[in-house]
Trainee: 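Below is a structure I'd like to ask you about.
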Amino acid sequence: MTATVGPETKAFLYELYTRTEGNPETQVSMYEVGQALGLEKDEAGTLAESLYIQGLAELKTLSGGIGITREGLAALEINIDPGPDPSLSLGTAPVLEDRGRAALDTLLPEIKKTLGAARMSYPRMAELLMDIKTIEVQMLSPAPKTAIIREILKSIQANLESSGSKVDYLSNFLH
């Protein structure tokens, strides 16, 4: 991702990188990241949301736990491995298997990148963000349901397509 971030946002992203030691699986409090930079909670939340929309950070918990993404590492020009094979699918098992999890690790940042570039109304953007968060919350379950995730992805696809966004990668993923 070739995201253009301002100095304050880049400082926040770098602090997130430092606190997670560059590990996309690690989570830290967005407020602690902001506090280290002298930011108030609202400012930290706004910066974290901006990074989240750009796909540079990921919301890990509803209480403000965030992590850096592969795209966030790339924006900081940190060498990373290429990640999971994008040709993966969700699978057909009732409970999402490791292969489906790996596929979502590839897909969600793409959706966030598309969302960040899309031009749409605030209510539609809010709906899409809630859909993404719903998937992320489902992934916190010890047994995330494949059918629930698939239906949410279909909804995301329909909303993005109706706003004029190109989402071929979603069509390939769902079929």
Side-chain angles (χ1 to χ4, degrees), residues 1 16-17 19-33 45 48-75 78 80-118 120 123-163 165-175:
M1 175 177 205
L16 176 60
Y17 163 74
R19 289 178 175 262
T20 60
E21 298 177 349
N23 183 349
E25 300 303 314
T26 302
Q27 77 177 31
V28 295
S29 166
M30 72 174 83
Y31 305 115
E32 289 176 9
V33 172
E49 183 177 329
S50 171
L51 291 174
Y52 175 73
I53 289 171
Q54 294 177 65
L56 304 177
E58 173 183 19
L59 183 65
K60 300 258 187 192
T61 68
L62 296 178
S63 62
I66 61 172
I68 195 163
T69 63
R70 294 178 182 283
E71 290 77 10
L73 294 170
I78 295 168
I80 54 172
D81 67 308
D85 180 357
S87 67
L88 295 175
S89 70
L90 282 179
T92 56
V95 174
L96 197 64
E97 297 172 338
D98 289 342
R99 184 174 181 187
R101 288 177 183 270
L104 279 174
D105 286 345
T106 298
L107 186 64
L108 285 177
E110 285 301 315
I111 292 171
K112 291 174 187 176
K113 186 166 60 172
T114 302
L115 186 60
M120 62 184 69
R124 178 165 287 169
M125 178 74 76
E127 177 185 349
L128 286 164
L129 287 173
M130 285 297 106
D131 284 345
I132 292 168
K133 287 180 182 181
T134 301
I135 290 173
E136 292 173 344
V137 168
Q138 185 64 212
M139 295 304 294
L140 295 174
S141 166
K145 309 306 181 273
T146 305
I148 292 172
I149 293 170
R150 182 176 271 98
E151 289 306 312
I152 295 168
L153 289 172
K154 286 179 183 177
S155 173
I156 289 171
Q157 178 185 25
N159 271 322
L160 286 173
E161 285 176 346
S162 71
S163 72
S165 297
K166 203 159 173 55
V167 288
D168 295 337
Y169 59 88
L170 262 173
S171 298
N172 297 337
F173 186 80
L174 291 170
H175 301 291

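Note that the structure is predicted; figures quoted are calculated from it, not measured.
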Trainee: Please name all residues satisfying side-chain contact (heavy atoms from CB on, under 4.5 Å) with V137, sequence neighbours left out, ordered by chain then number.
Mentor: L62

Trainee: Taking salt bridge (charged side-chain N to carboxylate O under 4.0 Å, His left out) as the definition, give me every residue that meets it alongside K145, ordered by chain and number, with sequence neighbours left out.
Mentor: none

Trainee: Only counting residues at least two apart or in another chain, list the ones meeting side-chain contact (heavy atoms from CB on, under 4.5 Å) with M120.
Mentor: L115, A118, R124, M125, L128, L160, S163

Trainee: Per the salt bridge (charged side-chain N to carboxylate O under 4.0 Å, His left out) rule, what does the pair list look like for residues 48-59, sequence neighbours excluded?
Mentor: E58-K60

Trainee: Report the distance from atom CG of N159 to atom CG of D131, rounding to the nearest 0.5 Å.
Mentor: 7.0 Å

Trainee: Do the side chain of T20 and the main chain of Q27 share a donor and acceptor less than 3.5 angstrom apart?
Mentor: no

Trainee: Would you please name every residue forming a salt bridge (charged side-chain N to carboxylate O under 4.0 Å, His left out) with E127, sequence neighbours left out?
Mentor: none

Trainee: With T114, which residues qualify under side-chain hydrogen bond (donor to acceptor under 3.5 Å, both in side chains), at least two apart?
Mentor: Y169

Trainee: Run the side-chain contact (heavy atoms from CB on, under 4.5 Å) test against T146 and tell me which residues pass, sequence neighbours left out.
Mentor: L90, L96, R150

Trainee: Apply side-chain hydrogen bond (donor to acceptor under 3.5 Å, both in side chains) to E32 and list each qualifying residue two or more places apart in sequence or on a separate chain.
Mentor: none

Trainee: Under the ring pair (Phe, Tyr, Trp, His ring centres under 6.0 Å) test, which residues partner Y31, sequence neighbours left out?
Mentor: none

Trainee: Tell me every residue that passes side-chain hydrogen bond (donor to acceptor under 3.5 Å, both in side chains) with T134, counting only those two or more places apart in sequence or in another chain.
Mentor: none

Trainee: Who are the side-chain contact (heavy atoms from CB on, under 4.5 Å) partners of T92, not counting sequence neighbours?
Mentor: none

Trainee: Listed by chain and number, what are the side-chain hydrogen bond (donor to acceptor under 3.5 Å, both in side chains) partners of E136, not counting sequence neighbours?
Mentor: Y52, K112

